[in-house]
Each structure stands twice: as structure tokens, then as C-alpha cells.
J.: 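To start, I am sharing the structure in question, which I have written as C-alpha cells.
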Amino acid sequence: MLKYIMIIGAISIYEIYMMVKKRQMKDFNAFLIFVLIALLASYIHVHDPFDASLSELLLKLVKSEYFKGG
Amino acid sequence: MIRTITLTLFVFILYVATGLETLVGGRMDISDAFYIATVGLDKEDDEIQMTIVTKQYSPKEETSQIAKQDKYFVSVGRDVFEAARNFNSFMDKETFWGHVSYILVSENLAQKDIDSALDFFVRDHEHKLTSNVLVIKDARAEEAIKLVTDSGEDITTKLKVLSKGVGALSISSELPLIDAFNKINNKYCSCYIPTLKIVEDQKDEPEEETKEASNTENEKTDEKTKRLVLEGYVFFDQDDAKLLCSIEGGTARGFNFIINKIKSGVIVVKDPDGEYVNLEIIDSKTEIIPKIEDDKITVKLKTKMNSNISEIHGEVDIFKADIIEGLVNQQNDIIKAEMQSVIGLVKEYNSDLFDLSSVINHKYPKKWDKIKDNWREVFKDIKFEIEVESKINRTYSIKKPALSREKEKK
Amino acid sequence: MVKNKGKISVRQALTLFAILTITPTVRFAASSTALIAKQAAWLVPTVTAVFLFLMLYILNILLQGYKNKSFTEMIYDITSKFWGNLIIFLYLVWITILIAFYLRFYSERLVTSIYPNVKIDIFTISMLILIGFIIRNGIVVIARMGEISFILISIVILVLMIFMIPTIKINNLLPISYLDIMPTLKASFSGAALFYVIYLFFFAHEFTHQEEFFKYGKLTLLFIWLINTVIILASIGNLGHAIISRSPLSFLIAVKQVTLLGVVSGFESILVATWIISDFIMILVLTYSVLNIIKSLFKLSSYNSFINIFLVFLFFISWILANNVFELQTLSVDVVVSGNIIMQFILPIIIVVIALIRKKINIKTN
Amino acid sequence: MITLSKVGDEMKKIRTDIINLNKKVDLPMEVESFKGLFANSHDCVFTEVMINKELTVHLVFVDGLANCTNVMDFILKPLTTLEKFTNIKDEKKLIDVIKGGSLYYISVKETNDVNLAVELLLMGTAVLILKEAKIAFLFETRGFESRSIQVPTEETSLKGSKDAFVETLRTNTAMLRRKMRTPDLVIEELIVGKVSKTKVSVSYIDGIANDQLVKSLRERLKKIETDQVLFTTVIEEEIIDSQYTPFPQVEYTEKPDKFCSALLEGRIGIIIDGIPFTMIIPTSIVNFFQTTDDYSHNYIVVSIIRGIRYLLAAVALIVPAFYVAITSFHLEMIPEGLALSVISTEKGVPFPIFIECILLSIAFQTLIEAGARIWSSIGGMVSLVGALIVGEAAITANFISPGVVVVVAAAAIANYTIPNKDFAFAIWIWEIILILLSSVIGLYGMVIGIILLIHHWAQMEVMGEPYLAPFAATDGRNSKDAIIRSLFVFKKKESLDEQSKINE
């Protein structure tokens, strides 16, 4: 988890620096949202809080036969 | 642009620093690989015994001594994959399965479960799907491999020669792994696999091709002359892939007639004097024609065959219309009998040996849709008709036998 | 050429679309159609092509009505702001899932086909790095790469076909009777899911020569039809529908047993190489359209700062997406196909119908 | 020289000013100025001409650049012998007489600008300085030794024309004019290089070449700030867009016929004075696979050979990497028989295959380099030693396995078939990169390398034209001559009007 946070952090610092340099600070809010989503995704990837993958959820949603096996 | 260079540099530095060994597994240098050419599978109590042989290439002269030491390896495991993996515990090279040409399955293993024996070879990504499957009759695969390898020959080359030679007699054929697997998969037709057997006495065997091939090795071992012969088929049940029966000789040729795998062959008939006339099969084509009338299926096996006169023993000039016709009739009867014996087996085991289901499917797709669920019961009632239409077309350089002139003079 | 800097012609865009369909075609066209339509599977692309042709016509109306506008702009113009946002957000989520799906599937496929002992992340990460590196050059470079890859891939598939023709067994492809009509129609459903051209519309404002869309669209459709038919013919003709429908990598198995003159084999390596290229182009193009959506959805001045973070996000999503390859395969059959149908057919048709009702566009624009 | 010591330091300063800032000097038009500027140059000849006892003029010319006989016969001789001149008492009269055409010479110019005089002096003009009037007459007496037109050395041609460009610009432009007698052939000239002041000519055909392209080229050439133009890359590096690439972006030729046919395709040619190689821009990847001989042979044969060239370039690029990939990662992809022989040859070789490949690949390049640099007197040694090392010895010593030799040698030979050698070198560099990548992760690495290469090509542009044209980004236009050479019969119809349409 720590290494993912470090990677995301490094990328965000670099991108924010580039944003400041190119004077595109109005994108900052949207960028922050994406950073948060990425952090959330990394958290889900590492800790698996739902104990299910996305496809499991989707497949259960459409009542796939994958879960109907013996 | 500068980014390309940076990236390349980055990869290069990473590469030089680490060799990426830890990241990327799976590198196997070609010189570290043990190329398996032939695999033998045996049943050993509850376990599976696997024998592997590499193909003997002609190495540089200096190293030939070393190359001959490692001939075959044997390993045991609960299933095929475990046995395959167990090789790695004692061999100095990594086993490599990508170039297996022949898979020999012993009869007792084939009897138990042929499908699970072959599954490993189909599933793994390394394997070729075109390798050939053979069943060893009345013997162990290891025995067969030992027999050939100990005599200093290469079993893979040997098997290749045998499969080529068998075409001259048409008593067996080659079967690629993927076809075998396809047939096992198909629940409407039973699978057949060519068989290999070990023969001790060579004098009874009339085949010339195999005799020549084996002569050279037999000279070395005087006491008991054993050799490999490729002959006949074994059949498996269409539902559970259990071994049903095995055929050889004429019946095997009859089967080849039905499945159109005749390449050549010998038919011996008699002239009016009772002397032998030898005919060589040139080509043959069998059409399986199903007919449905009032829900009853009749199947007509229509064979068209051509042959040449290759040898005449007697003194009669047989090149007369009526004599030729007599020969043709004899020929027809022989073929008919051979095919009939296969039909007998079909009836006996009630098993679709020659993929009749797909023929019916192609001709009557609608009907097939209805009967496919109880195909076995329908199959029981099918009537078979055999129609052979053969010709004796020509002979070679000499027409009349040498002695026929003498007879004319008298 | 000098004039149109920063823009691609409609023909280039359609070339990209053609490559986009090759990946899923090679992966699952043969097996999914063989499962339903059995030996008649090779007729499925023909049926599919009819649907696709109609769809192409509908999309053409939309594209001609809005010159030099991206799909997001069209949606905003046609629907209200709220609904527009919703639809675009749906597309955003869907395409993101699609990219993650393809990213994961591509790595899994490599691992199952030729790299059994390699850690799967390597393929995912290296692909993402490559994409992050190349996508900055913009659509012009992507389109050019697409054109070259298109030539390469077409040549490879053509050559493989030539090698496979001798081993095709006609028996495996027959019989065809009226019993096959329903299964064929059913199977064409999954084939129609390959119509990715709508995702390319998100950068439609970067197209030139839009009036040629229908003309080149027909050619592309012809190509897709041909590739699909030929791949299914070769796979089923060689191995029979029973094996093909069971194999997760149907075309690979079919290619694997090709030997030339009984000596040269191992053509699957060439196929795998083209896979990687076509997968790469696919992920690249879809990522580009997602970035465009993000740009217009959040009203950004540039999406450049979002490339890296989005790719990192993609990496996690591709891992969250599925636990194993079996889930992925089921997902592909059960969810992705129908999701694609909704996103590629139903939604665009609804949008076009609304546009026609509100007289934003009319049919005779071209 | 007295004048020298007087103005020495000052002159030196002026000289550096001229070089660094391209400044105009502000010197009076008198012989001392020239003497100061050319103080240490012994090839600059200062002659004092005494016309009669009252009247002395100075004649300055550079020995070797100016034709001495012309100077003697047409300037010195009349001045000193003709009565017209010997009778003149003052300089005013002399000017009138010279202006009146008494010194009959084709091009006579009168000036009081030292800068102009110096400039022309260095091009072979003789300068006649009149002391009191501070005026100079410039006589065009250019005439220096130059190489005669010879057979091309680098681009051999079987049926094409056998003349090649030489170092002299004027001879070269004359050759162009001789081949294309149309007023549409424009030959513009610019002077580039602060010190060398080299003439660079830009030629194109008006109406076929893209005007924008010509304009932007002209601007780029004008912007060049350099001291000298003694080498082509000085110009090349200024006019290309992507600097960081091993691939050539300018096509060089020493054959006027190739040059002219390029002009007819709407491209622009650059001739530099003093360099017998001319440049053609813009180029795309196709140009490096074509030779002039293509147009003097049967079109079917040529089309096939061209196709083979592309194939061979691909072989040169990919085959060693592919070999490394399949022998260390994907053993199942090697045909069985080949695998066995590879194993038997690999026995006892200590290195991994990819190191063998790289070593050998570098060795081949070494041979080429050695062959190019070695003195011609011992040139035979390279092939001898090379054959020994790369051939028998390395294999018998178990340094390198024969299989690798076969693969790398095949790639090398395939590489040599690429007509453009710069392109061939670049391909070789990428070959090494691909080998490295595929040694890391096999086929996947190789494909990543290929993707990077395609990307590299895709983002390259020469003067705004895509490098991959006509395979990409041209919408299929102009692609008729890419691989298949069509008949001239078909080509002629479209050539002029179609070309101009395409380039619009």
C-alpha cells in the first residue's frame, strides 16, 4: 500500500508542478478527484474490503451462470 | 523524441543492473533444454509411469560419446503432470515438451482412462497438437522404448519409418493428437487409436517393409529377436472412452477401407488353376451413404477400388475378360469380408466406430436433431449394406507370365 | 497534410476502428460463435455485417449533422445538460471498464499462451508505461501508427490464412440448413459487440473529410466482415466447432497446428506478436477517447496532466476487475457483450432519434 | 610592410569583428585597407601598375582564384601598353576611359565599397584601385582549378547516365540546366556561413514544388548561423525537424538525373558549393528504398526487387532478435529439426545467445568501419582477417556458435541491400535495441521494440511531411510509386498536373 501511495504521490506532485508551470490551475479540482479515486482504487486493490472482484459483482448483477455450478 | 532515448536508456540500465532475472522468469536457454521426442505412458499400480526419450541428433564427432549415455529417463507420479514434473528432480536439463512427436500409451492405461492420459498433452501451451498417439498392445511403453533404444536406434525415427511403411499394407495409420482428442470429445462417435506391438517371432510376418527395417537391429541380439510392429487399431467406447476391442490384420484393413485411409496394400486371389495372383491396391474410396425410410436408417458402404496385377504365379494367361472378372469377384469378396468383420464389431459393441453420426448429420441435419439424444439406441437398429465395386486396371511392364508361352505350345 | 496538423482524416480513424475489432475477433469471435451457431458459425459475420451496416448509416447521419464536433458536444446539444452529463458519465465508466478489461485480458492471454512463468504485472505495467509515453504525441501519431499496424496485421493474418487453407476440412463447416438460422441470428448478437466506432466519436472533432465517413465505413465493414469470416472459417474448419467452442484462445490453437511442408511450424509466435500490437492500439485509442471525455466532462484546459494518474488508476481497476481468468471469460460473455450492445447500439440510436425529433439534424444532410 | 605595423592591431580587431558579427568595415577604398586585411596572406597579390610616370594604380587579386592570364592579358597589358592609357595624365580621365569600355572585359563594376570589393575579391575578382578617386574597378576574372565531371563513385548505375556532380556549384547548376531546359526550373542562391560564405543553391520546379515548402526552406536557410558550410550536416541539421533520431531525413545524391527526377516529383534540391553531394528534401521512408536504377529496368522486375528490399530490411531488423527470443524463451516455436541442430551447435559455447548475437553484430559493423578507414594500400587485410575471425576461428574456438553466425550474417547481408547507407546504419542500431529487448522478455520485448520503432517513425516529420508517407497519413495518395513501380506511360499523364494538386 505504501509503495502505491508513494507512486501516486510522486505522480501528483509532478503533475501539479506541471499545472502550475503551464498555468492550468483551473484543472486542479478535477485532478484532485482523480487522485482520490486512484487512492481509493489502490486501497481496494490491496485490502479488498468487499471481498469480491468487480466482475463478481457485475456477474451477480446479471445473474450469471458462473455462480450456479455444482 | 528525447523521451524515446531516455526510455531506451532506462530499460538498458535496468537491464544491465539486474538482468531482469528476478522480474522475468521463464527464460530457458536452448542448450539447457532436454528435447523430448517420444513419451511412453504406463500404468504402475495406482501410479503413472512416464518414459521420455530425446531425439538423437548427430552431434559433433568429439561429443558423440557423451551424447549416447543419456538415452531414456523414467519417472513416476500419481498423474501425468506429476510424473512429468518429477523429471526435474533428477535430470540435469529442463524437460521441454514442445516437440513431442509420439505419445505411446500402454494398453492397460488406455483401458482405464485414455482421456485423462491425453489431457495434459492438449492443455499445456508448450505442446504441439500434431504429435501422434499410439497404443502399445500387450506390453509396456517403457519396454518398447527400451527395446529400440538399447539397440542403438532412435525410437522416434523408427516410429516415423514404421508409420510411413504401414501405408504399403494399410493395416494402420497415423492419428494426430488433436484428432484423437476431438474424437474422445465427441460423444456420438467412438475414438480409434493405432496400435503398436512387440513381436518376437519374425517368420510368420509377411510384411516386408518392417522386416527390413528391423533386420539391422536384430543382428546384434541373437537370442530372442523382438521388434516393433505397427498394426491395427484399438477402439474406445463413445460414451465413457473405455477400451472396447482391438483389431488387426484384415479387419484393420477393412476399417481403413471404411475410413478412407487406404494407401496401398496386397490382395491375393487365385487364378483358375488355383495358383496365386497378387494384386496391388492403387486407390480406394468409400462413400458412406445413409438412407432414412420410415424412420429406419439403412447405411450403404459403397467402395470403389482399383488394383494392379503385380505378380502372377501360375501359367495361365489370365488376361481374358472372364478370368479377370473372376479375379475381380474374388477381390470384391475379400474386401467385403474385411469390411464385414468391422461391421460385425460395430454391431457387437453397438458403437459408432467410423463417425457415422457426422455423415447422417450432414445429410439429414433435421432428422439428426431429433435422433441425436438417443443415438445409441437408433444405432442399434441400423442396417448396413456393403457394396464393393473394384477394378483390375493394369499390370506393369510384362503382360503374360513367363511360362504361359510354353503352355500354349503344348 | 501540412494544413491539417493535429487532425486525422476519417479514413485514418476508420483504420483505427478496424484494428480495434481485430483484438476481440482473434480472441473470441470463433469460440463464441461456435458455441451457439456450431458449424454454421462462419455465416454469423455476414448477418452481423447487415446490422453493422444499418448502424453505420445511422451514425453517418449523426456525424454529418455535426461537423467538427465531438460526440460529447453532440450529446450536450441534443439532450439537456443533465441527461447529457449522465450519458457521458456512463460512457466514461463503461469505456474505463472496457480498457481495464482489455488490459487485464491481454496480460492474462500472454501468460496463458506463451509466458507461463512470468509475473502478470510486468505486462500490464509495461503496456501502461508505453501508452503513457506514446499518448502524449496526440491523435496524429496514434493514427499513423494505426495505419502501419493495420498493414502489418493484415499481412500477417493473410499469410496465416494461406497456410491454414490446406488443412481446412469442409466437413467441419457443413451442414447448413434452415435449422441454423436461429442460432446464427443469436450468435450475431455477440459479433455485433465489436462495433467500437462509436468510442472513436469522442474525438470526432479531430476528424477531417467527414463527408467520406460512409464511403470508407463501408470499406472498413467489408474488411471486418472478411477478417471475421476468414478467422472463423479457418478455426472451425481446422478443428471442428466442438474444440473451438471450448478453447479460450481459439484462433491460437488453430494456428498452432499449422505446419508448412511438414517442417516449419510455430507460427503462433507471429500471431502473438500481432496480438500485442493490436491490443496496444486498442488500449491506446480507448484511453485517448476516455481522456477526451474527461476533458469535456470536467471542462479541462488540457488532459495532459491526467494521463499518468488515469493510467495508474487503470492499473488498479484492471486488478480489481477480476480474481482470475475464468471470471474474465465469463465477464466477457455475460456482461461485456451486452454492455457493448447497449453502449454501441441502443444509446446512439436513442440519441439519433431524439436528435431527429428535435430537428437538430436531418436525414438528408449528406 | 610599413602599413601593416601601423594598423596591425586595429586590423586584427576589425577582422574578428567581421567574423563574429558579420559587420561591415568602414575603411577607405585604398590599397592599404586591403593590405591590412590580407596582411599575412601570401596568395593575395598586390601589384603596383605604373601606367605612366604620373599615374599609378594598384591591382589586387587572389592568386589561384583569379585567372592570371586573363589578368595579364586584359588588364595589365592594355593599361601599360595602350597609348590611350599611357597618355592619360590624371585619374579622372582614367576613370572616364575605363568606363568608356577601353579595358574590354565582360563584367566590369565600379565601386567605392571595400566590403563588396573584398567579398568579390575572394571569389576571384581582380580589384583595380585608384588611389586618389578612392574608387575601385572590379574585373570578373574568376578562374580556378576544378575537378572535371566524372563517373559517380557511390551510386553506381547500370543503364542510367554516368555523370556525377562535382565541387563547383556553377558546373552543377549547368548540368541541371542541360537536363531540364525549362524556365520553370528555378535555381535560387543564398550565401551561408559567416566565415566561409558558401553559396547554397535551392532548386525546384516552379508549379510542381509546394510554394509553402520552398518558402519555409528559404526561411530556415536564412536563419542558419554558422561559421562554415564545409559539410552537408551543417545545413541538414538546421533544416530537419527531429534531431534525436538515427534515421536520415535528407536524401543525398551525386547523380544529376536522380536530382532532376526528384525535382519533378515536387521535391526541392539543395546544392552546396564545394560539396559534390546534393540534398533532396522532403524525404520519406520510401525514398531510402529506391535507386535510380529502378527507373531504367523492367518495371515488373523492379517492383519485385523493391518488395524484396522491404522484406530484407525487415529481416535485418527482426531476425537476430527473433532468434534470441525463440531460443531463450519460446523453444516450442523453433521447428524440431532446427532446434536439434541449434542444440548441437550451442554445445560448449560459454556465452548466452543474445550476447553472441550482439558481439557478432558489432563485429560485422567493425568490419565495415575498418574497411572504410583502412589505407587502401593494405585494404585487402580487412577481408582476410575478418573472414578468419568471423568465419572459422571463432567457431572452432567455441567463442560463437555457427547458428548465431548464420543468423547475424543473414541479417547483415540483408542490411547491405538497403540502398541508403545512412538508413542501413539506423536499422542496425535498432537491430541491437531489439536484441536487447528480446533478451529481456523474449517476443514480447521484441514487439515492444517494434511498437517503439513505429512510434518513432510516426512522430517524425521532414519539413512538415510525414516520414511514413505514403504508407501513413497520406490517405493513400501518392503511394503508386512506393513499392510497385508503374509504367512511365501511366505516370506521365498525371505527373505535372496531379503532382501539383497533391502538393497543395
Side-chain angles (χ1 to χ4, degrees), chain C residues 1-5 8-12 15 107 110 113-115 117-118 122-123 126-127 129-131 133-134 136-138 140-152 208-209 212 216 256 259-270 272-277 279-281 284, chain D residues 210 212-213 216 282 284-285 310-311 314 318 321-322 325-326 329-339 437-438 440-461 463-478 483 502-504:
Chain C
M1 288 156 268
V2 186
K3 272 187 217 162
N4 308 331
K5 218 153 200 192
I8 60 171
S9 67
V10 123
R11 180 177 160 278
Q12 286 177 304
T15 314
S107 343
L110 279 176
S113 60
I114 55 173
Y115 288 102
N117 305 325
V118 181
I122 288 176
F123 300 113
S126 58
M127 178 61 84
I129 290 176
L130 202 63
I131 296 220
F133 166 64
I134 286 171
R136 281 161 207 281
N137 289 297
V140 179
V141 171
I142 295 175
R144 285 181 198 164
M145 293 180 72
E147 280 180 279
I148 298 294
S149 319
F150 178 75
I151 297 172
L152 287 181
T208 59
H209 304 290
E212 290 174 340
Y216 284 120
K256 228 175 158 176
T259 48
L260 190 61
L261 307 171
V263 184
V264 187
S265 60
F267 292 106
E268 68 266 29
S269 58
I270 306 170
V272 170
T274 48
W275 265 357
I276 300 168
I277 294 179
D279 270 318
F280 161 76
I281 297 278
L284 188 67
Chain D
N210 187 339
Q212 274 183 328
L213 211 64
S216 83
S284 76
I285 210 159
Y310 285 97
L311 194 73
I318 288 170
F322 188 68
I326 60 171
F329 282 91
H330 318 289
L331 300 186
E332 71 273 12
M333 289 172 189
I334 320 175
E336 186 189 321
L338 183 65
L437 281 170
S438 76
V440 178
I441 192 166
L443 207 57
Y444 179 72
M446 194 185 95
V447 175
I448 294 292
I450 291 172
I451 290 177
L452 279 176
L453 178 61
I454 294 177
H455 166 249
H456 183 75
W457 279 339
Q459 52 87 37
M460 262 166 81
E461 282 185 353
M463 303 286 300
E465 301 273 322
Y467 197 60
L468 278 174
F471 298 117
T474 52
D475 281 6
R477 292 171 296 172
N478 214 354
I483 294 178
I502 285 164
N503 285 318
E504 261 162 28

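Throughout, protein chains are lettered first and strands after them, A, B, ... in sequence-line order, and every chain is numbered starting at 1.
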J.: Counting heavy-atom pairs under 4.5 Å with chain D, which one of G138(C), S126(C), A143(C) comes out on top?
T.: S126(C)
J.: Using non-hydrogen atoms and a 4.5 Å limit, figure out which bit of L110(C) sits close to chain D: side chain, backbone, both or neither.
T.: side chain
J.: Considering only heavy atoms, which portion of I277(C) lies under 4.5 Å from any heavy atom of chain D: side chain, backbone, both, or neither?
T.: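 Both backbone and side chain.
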J.: Which heavy atom of G146(C) sits nearest a heavy atom of T15(C), and at what distance?
T.: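 Here G146(C) and T15(C) meet closest at O-CG2, 4.3 Å.
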J.: Check whether E147(C) reaches the backbone of R144(C) with its side chain - one donor and one acceptor, N or O, closer than 3.5 Å.
T.: no
J.: Given the options I450(D), L468(D), I451(D), L443(D), which has more heavy-atom pairs under 4.5 Å with chain C than any of the others?
T.: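 Highest number of heavy-atom pairs under 4.5 Å: I451(D).
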J.: Between F123(C) and chain D, which part of the residue has a heavy atom less than 4.5 Å away: side chain, backbone, both or neither?
T.: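 Contact with chain D: backbone and side chain both.
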J.: Whether the side chain of S438(D) engages the backbone of M446(D) through a donor-acceptor N/O pair (distance < 3.5 Å, no angle test) should be reported.
T.: no
J.: Name the region of L152(C), side chain, backbone, both or neither, that has any atom closer than 4.5 Å to a heavy atom of chain D.
T.: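 Just its side chain gets close to chain D.
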J.: Any side-chain heavy atom of I441(D) within less than 4.5 Å of one from I122(C)?
T.: yes
J.: For residues M145(C) and F280(C), determine if any side-chain heavy atom of one lies less than 4.5 Å from a side-chain heavy atom of the other.
T.: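 M145(C) vs F280(C): side chains touch.
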